[in-house]
Amino acid sequence: PWTDRNIQIHAGLARAAGPVLYGAMNRSQHILVVEDDREIRTMLSRLLQKHGYRVTVSEDGRAMERALSSSRIDLILLDVMLPGEDGLSI
């Protein structure tokens, strides 16, 4: 299971990725996380919120479409292996 320690480790890995998430985007921007695995979705959401980003989560393509129609989204983190309609066909 994901713990705060796992999140700290993943946060370190994400920072090592450079400006992708840390620097290139204004921290007030809105990120949509589309992930069917609840633990991964929660971990990503907590990590991004901890760093000041506004985060919306979706568990599938339909929920993603609802989020996109109701909010301005600046970046989508999309799982390519979603049930039903996969992330590549969306």
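Taking Ser58 as the reference, nothing meets the side-chain hydrogen bond (donor to acceptor under 3.5 Å, both in side chains) condition, with sequence neighbours excluded.
For the pair Leu77/Glu35, no side-chain contact is recorded, criterion being any heavy-atom separation below 4.5 Å from C-beta on.
Note that the CD1 atom of Ile31 and the OG1 atom of Thr56 stand 10.0 Å from one another [nearest 0.5 Å]. Here NE2 of His30 is found 8.0 Å from CG of Asp74. Values are rounded to the nearest 0.5 Å. Between the CZ atom in Arg72 and the CD atom in Gln29 there is a gap of 6.5 Å [rounded to 0.5 Å]. One distance of note links CZ of Arg38 with CE of Met43; it measures 15.5 Å at 0.5 Å rounding. Interatomic distance, CD of Gln49 versus CZ of Arg54, reported as 11.0 Å (0.5 Å rounding).
With hydrogens and angles disregarded, no donor-acceptor distance shorter than 3.5 Å links the side chain of Ser45 to the backbone of Arg41. Between the side chain of Asp79 and the backbone N or O of Val34, no donor-acceptor pair lies under 3.5 Å. Judged purely by atom type and a 3.5 angstrom limit, Ser69 uses its side chain to pair as donor or acceptor with the backbone of Arg66.
With Val33 as reference, Leu44 is the one residue of Leu44, Ile40, Thr42 to meet the side-chain contact (heavy atoms from CB on, under 4.5 Å) rule.
Here the shortest heavy-atom pairing between Leu82 and Gly61 reads CD1-N, 4.4 Å.
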